[in-house]
Amino acid sequence: MAFLNWALSGYRKREREILPDPYENRGKVIPSFRRGQDRPPTEGHLLEIDSVSLAFGGLLVLNSVSINFPPGVIHAIIGPNGAGKTSLLNCICQVYEPDQGTVCFEGVDLHGLRPDQVAKAGLARTFQQIELFAGMTVGDNIMLGRHIFSKGRIFKGGLWLPSMVREEIINRKMAEEIIEFLNLEPYRDIPVGALPYGVQKRVDLGRALAMNPKMLLLDEPCAGMNQEETEDMARFILDIREELNITIVIIEHNMHVIMDLSDRVSVLNFGSLIAEGTPQEVQRFPEVIEAYLGSRDAR
Amino acid sequence: MMEDFSPDQTTPQLFLKRVALHPDRVAMCEKHLGVWTEVTWRQYRQHVEDFALGLAALGVEKGDKVCIHGENTQEWLYTDLATQSVGGVAVGIYPSNPAAEVKYIAGHCDAKVYVAQDQEQTDKILQVKPSLPHLRKIVTWDMRGLRNYQDSMLISFQEVERMGRQVRENHPRLYMEKVDAGSPDDEALIIYTSGTTGPPKGAVHTHKSFLTGARALTDFFGLTEKNRFLSYLPLCHAAERLFSVYMPLFSGSVISFAESTQTVQKDLAEVSPTFIVLMPRIMEKMRSSIQVKIDNSTFLKRKLYNLFMSWGHTIGAKKMKKEGLPLYWKLGELVAHWCLFRQLQDKFGLLSAKRAVCGGAAVAPELVTYFRAIGVPIAQVYGQTEGLIIFSPTPDDVKADTVGRRPFHGVEWKLSEENEILWKWDGLFKGYYKDEVTTRQTVDEEGWLHSGDIGELDENGHLKIVDRKKNIIITSGGKNITPEYIENKFKASPYISDAIVIGEAKPYLTALIQIDFDVVSHWAENKRIAFTTLRDLSRNQAVIDLVSQVIDDLNKELSRVEQIKKFRLIDIELQHETGELTATMKVKRKVIDKKFGPEIEAMYGS
């Protein structure tokens, strides 16, 4: 018992040394997950997609798509069902290997990188269907996002060496910051499977944030949400861009969300890029109207 | 020593004495990144001083009003005491108040500085800013999302504190001078009553009146530095203000802030306060959460729960009547405590609660007996914003549906001929802000406060609060009915969360009933009834039959004129934001009458 107390007191002491005075950080966004903030704006594009094509057998899913993403914008990709939006995200993350074309992130070709290496480079994503560990708590799911940064292996971790203690404290602190940022406090210790859908989506976003990304790929973050949840999510997306200076690529079907949030919009239809511009510009393109509403002849 | 802590001084003067007594003890705890962090009295003072001088730099002078709009956090307390330190008047606003009410209150009190918690509250005040000519600055303590706001009025809390520190460097004695300049009879705060009828009224309290109320409570409950208290009810309400801000100045007890309104039950369990205030709604929630779990558990557990609960009720009743417990009951109490009650108390966070009080909307006696049965020494308190809290039963003389036999020390009280409760003492408010007429109607020439509450003495002299005077229903048959008494009977059923009795100038009584969604949805699942929402569930015939059964059973306990002849289920959630409830969760009858007019008409149709 005495030993345990002693060990715990050491832990707490270290915790005090590592963690800053909480009051100092009130009302400010805490620097530890604000990687982009202190970086000077990069010249050129953060992510460049150059004539990417992808085919499944005889089906051409992406047909020579080229899009450039400058840093600090919210860039929406829209299009009817089956237009190839999620496939494009998967090509960016190297889940699919494009048949042709290159995907460059900060000037580095991502070709051949494993998904975890892509994540480490600063690209994080959320999923259309929630891909969380339903049996794990909200806190643990977010902590999982920190896994790519863990230097510990089974022995270091098992022995609970000082370096691991330090790492654990820093990771937990960051997870807690994200929980605070996304207002997840009431659900911290609840298994994700028991939570409402809208909250699960937020946890998914939190896990992506935990990877400390420079760019976030959001695959339909507002799908299946009610009005209130959608408004909350839109607020969080804006906050992420404003406060954390993370560039955001968003796929979404809710046009109100797209029109209100995004700076630029790219429209895909049958695997081809048919329009690009500001939300107002894109709305006027005849091809876009046709893709969404059908052609005059068909009506 | 205790003379130093008399109510005959200003709040900041008392605060400085408390700080000097033990600067390094913990004053409050707040959860930060999931860890409880502590603030000592010395730090507390530092922040109050910085912010007070910052306010002075912003031009806040004696008598100026400062609005505070936000959830319970350290900054709320700093602002409250800082405002009073420079002679200002602190005005609390409920976090749930919509922009229209913000406009009314900030406009009515001529607010000079508006301190808001975060973007949500700041947006509300920015929206109505053009109609507030006296407003000079808007201070926000959580600046998240406000980075790109280009409003010259906007300033961060930390920035104001920094201004304060600068002022102190030039005038190190300024803060003390400001505090010393105050007098106990100065106006200290305005509390806007939630107003079940008409717009909110601002009750002005002086330092002396509010401290008198706090001192009486501290003495009555015997609070000391060893006490822990969880602050989770809105701080702009007089009761929570007394408990979280003023009583610690007398007692030195430690305040912990709930992390958010949704985590209160968890925070309670973590903090395990020694003194606690429970709202009837929280109590109902606690009880129904257990009920749902018990219904789900095994046969043996269910039987044991029911057995121990029946023991608990018997023992609780005996204790309240001050009857001695025979040996076998003492043994039974021991067994039930270790097998069940201790775990329940632990889950509710009431394990260390030496004293617990409930108030607000009158409490169903069944709830009090339930909590006393599981060993929580809960008792009702009675009071009013205008005259503060004056009644609570002594621990050895509790009767579930009454508020005790004698008021606190220094209170003179009586029942008027119409059985209205009147009282006078130093804790009475000064008057309604900018409303002489209503003030004169409320406090008569002899200084009696007319509470508007109807009281009743039972054979042993216990005071029972019957209802608000203006709520009394007179049926077309000429019978006087107290709706709250009937409503509380209904609310005691786990299936019903709210009931509104109707019948003014009508031949018989009817009721609008809201079902408890958690319990009834669980019941419906067991019965394999398909439903999607509250609306859907409320329209289900089986649910209507269930409520009808409950009402039939309860009607048997009521006299013939009090019985509910017809009812309708409300299929929306009653909320403050949509106007059906006041900020303190009381039903606004006028709004309900209007909103559910057709339903009410239908119940009286032929």
Side-chain angles (χ1 to χ4, degrees), chain A residues 11-12 14-16 18-30 32-34 37 72 137-140 142-143 169-190 195-196 199 226 228 231-232 234-245, chain B residues 28-40 43-44 46-47 50-51 70-71 73-75 78 115-120 122-123 139-149 154-162 257-267 269-270 532-533 575 577:
Chain A
Y11 181 83
R12 290 203 190 99
R14 247 179 249 130
E15 189 174 49
R16 272 198 300 275
I18 297 169
L19 299 183
D21 176 11
Y23 191 80
E24 287 304 303
N25 287 315
R26 281 300 280 251
K28 294 184 219 155
V29 173
I30 300 127
S32 53
F33 74 114
R34 212 181 72 183
Q37 190 59 44
T137 64
V138 170
D140 286 343
I142 292 175
M143 281 283 283
I169 290 170
I170 289 172
N171 285 343
R172 278 210 179 271
K173 172 168 165 264
M174 228 166 117
E176 281 294 340
E177 285 168 4
I178 290 167
I179 286 173
E180 194 188 341
F181 188 83
L182 298 175
N183 294 350
L184 285 167
E185 292 102 334
Y187 315 105
R188 193 183 280 132
D189 300 325
I190 300 176
L195 291 174
V199 179
N226 62 28
E228 196 183 337
E231 279 168 19
D232 282 349
R235 169 75 58 206
F236 287 129
I237 292 172
L238 281 176
D239 278 355
I240 289 170
R241 201 264 301 261
E242 298 292 324
E243 304 282 340
L244 313 176
N245 199 14
Chain B
M28 44 191 164
C29 298
E30 196 174 70
K31 218 173 186 181
H32 178 79
L33 297 181
V35 184
W36 288 100
T37 48
E38 296 168 344
V39 177
T40 62
Q43 290 165 324
Y44 190 176
Q46 202 58 55
H47 285 296
D50 290 349
F51 195 69
E71 311 260 343
T73 60
Q74 317 168 21
E75 287 86 349
Y78 300 155
V115 184
Q117 180 179 13
D118 51 15
Q119 192 181 17
E120 183 189 352
T122 309
D123 281 346
V139 184
T140 306
W141 71 74
D142 183 355
M143 290 296 280
R144 185 176 143 194
L146 299 176
R147 187 182 294 264
N148 293 340
Y149 280 42
L154 213 58
I155 187 170
S156 81
F157 192 91
Q158 290 75 15
E159 178 63 22
V160 177
E161 283 194 330
R162 204 187 51 75
F257 294 103
E259 193 175 11
S260 81
T261 43
Q262 295 138 302
T263 56
V264 171
Q265 283 211 25
K266 202 164 152 263
D267 294 328
E270 284 178 7
T532 49
T533 55
Q575 283 174 341
E577 279 84 351

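Worth saying up front: this structure is predicted, and the values here are computed from it rather than measured. Every chain is numbered from 1 and lettered A, B, ... according to where its sequence line falls, protein lines coming before strand lines.
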Subject >> The single option from Glu185(A), Met174(A), Lys173(A) passing side-chain contact (heavy atoms from CB on, under 4.5 Å) against Leu33(B) >> reply: Lys173(A)

Subject >> Between CD on residue Glu243(A) and CE on residue Met143(B), distance to nearest 0.5 Å >> reply: 9.5 Å

Original post:
Just wondering, do Arg235(A) and Gln119(B) contact through their side chains at under 4.5 Å, heavy atoms?
Top reply: yes

Subject >> Side chain, backbone, both or neither of Ser260(B) within contact of chain A (heavy atoms, under 4.5 Å) >> reply: side chain

Original post:
CD1 of Ile179(A) to CD of Glu259(B): how many Å apart, nearest 0.5 Å?
Top reply: 9.0 Å

Original post:
Is Arg144(B) paired with Glu242(A) through a side-chain N to carboxylate O contact shorter than 4.0 Å?
Top reply: no

Subject >> For the student: nearest non-hydrogen atoms of Glu176(A) and Gly34(B), plus distance >> reply: OE1-N, 3.4 Å

Subject >> Non-hydrogen side-chain atoms of Lys266(B) and Arg188(A) separated by less than 4.5 Å >> reply: yes

